[in-house]
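This structure is a prediction, so every number in the text was calculated from the model and none was measured. The analysis underlying the following values was restricted to heavy atoms, covering all of them including side chains, and did not include hydrogens, waters or symmetry mates.
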Amino acid sequence: MREASFIQSLDAVDKLLKQRGDGDYLLGANFSYAECISAPWIQRFYVTLPYFRGIDFKEDILDNFQCLSHWMRAVCNRPSCVESSCPKEEMIAACKRYYVSFVSPGAIGSL
């Protein structure tokens, strides 16, 4: 049920992104506060979904959302986001502390 809700939320964002003009970001060519707030969450999806859920975020989810996929890649590839990204190991360790109850049986990661 949570996964369906997550997919529905991503679909809503994809539809919103389809309405924007030219450019990689929500405001077109301008990197906005929305991207600043979203970047850490997007980065976490790429790391935590495979580790804790066994889900390849790009192949299993993003490949179904053209605009969302493009936007998330643009955000993650922005130099300021790359430089400020939390190392993968730290991200996993933090999630182990806070999201223990969400680990799926059979996922690659372990506590």
Side-chain angles (χ1 to χ4, degrees):
M1 185 65 161
R2 278 185 268 166
E3 292 168 7
S5 177
F6 180 63
I7 297 297
Q8 288 174 343
S9 297
L10 295 178
D11 186 52
V13 176
D14 190 62
K15 287 177 181 170
L16 174 71
L17 289 166
K18 285 178 184 175
Q19 298 172 11
R20 75 183 193 291
D22 293 336
D24 293 332
Y25 306 112
L26 284 173
L27 299 178
N30 298 318
F31 190 80
S32 71
Y33 190 63
E35 281 84 21
C36 291
I37 296 298
S38 301
W41 290 100
I42 296 168
Q43 292 165 342
R44 284 184 196 112
F45 292 151
Y46 280 104
V47 173
T48 60
L49 287 176
Y51 187 88
F52 290 103
R53 297 283 197 174
I55 297 170
D56 183 311
F57 186 55
K58 183 196 173 306
E59 290 183 18
D60 296 339
I61 296 174
L62 283 186
D63 283 353
N64 299 306
F65 301 102
Q66 180 181 5
C67 293
L68 182 66
S69 179
H70 177 82
W71 176 69
M72 287 188 170
R73 274 193 321 273
V75 170
C76 285
N77 291 329
R78 182 174 168 90
S80 60
C81 292
V82 171
E83 291 173 21
S84 64
S85 179
C86 179
K88 180 179 177 178
E89 298 77 24
E90 288 182 31
M91 212 179 290
I92 290 170
C95 288
K96 284 181 179 181
R97 289 191 300 270
Y98 298 110
Y99 304 125
V100 172
S101 62
F102 293 106
V103 175
S104 294
I108 298 168
S110 63
L111 299 173

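Here the shortest heavy-atom pairing between S38 and A34 reads OG-O, 2.7 Å. Looking at every heavy atom in both residues, C76 comes nearest to C81 through O-CB, 4.3 Å.
Rounding to the nearest 0.5 Å gives a distance of 3.5 Å between CG of D24 and NE2 of H70. Note that NZ of K58 is 13.0 Å distant from CE of M72, once rounded to the nearest 0.5 Å. To the nearest 0.5 Å, the span separating OH on Y46 from CG on D56 amounts to 9.5 Å. Within the model, atoms CG of L68 and CG of D11 stand 9.0 Å from one another, a figure rounded to the nearest 0.5 Å. A distance of 14.5 Å separates OG in S85 from CZ in R78, rounded to the nearest 0.5 Å. How far OG of S69 is from CD1 of I61: 11.5 Å, rounded to the nearest 0.5 Å.
A donor-acceptor contact shorter than 3.5 Å is absent between the side chain of R44 and the backbone of M91. Checked by atom type and distance alone, the side chain of E83 never pairs as donor or acceptor with a backbone atom of S80 at under 3.5 Å.
When the side chains of ILVMFWY residues are joined at heavy-atom separations under 4.5 Å, either directly or via intervening members, V82 and V47 end up in two distinct hydrophobic clusters.
Contact annotation: the side chain of L27 never approaches that of R20 to less than 4.5 Å [non-hydrogen atoms, C-beta and beyond]. A heavy-atom distance below 4.5 Å is not found between the side chains of V75 and W41. Side-chain contact between C95 and Y51 is absent, with no heavy atoms from C-beta onward closer than 4.5 Å. No side-chain heavy atom of D60 sits less than 4.5 Å from a side-chain heavy atom of L49. Between V13 and F65 there is no side-chain heavy-atom pair separated by less than 4.5 Å.
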Worked verdict on C86 versus Q43 for side-chain contact (heavy atoms from CB on, under 4.5 Å)
CA-CA 8 Å; C86 179; Q43 292 165 342; 5.9 Å; no
Applying side-chain contact (heavy atoms from CB on, under 4.5 Å), run through F52 and K96 and close with a yes or a no.
CA-CA 9 Å; F52 290 103; K96 284 181 179 181; 3.8 Å; yes
Step by step, would you call L26 with L17 a side-chain contact (heavy atoms from CB on, under 4.5 Å)?
CA-CA 7 Å; L26 284 173; L17 289 166; 3.2 Å; yes
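If you check the side chains of S32 and E35, you find a donor sitting under 3.5 Å from an acceptor.
Classified by interplanar angle (parallel below 30°, tilted 30° to 60°, perpendicular above 60°), the ring pair F45/F57 is tilted.
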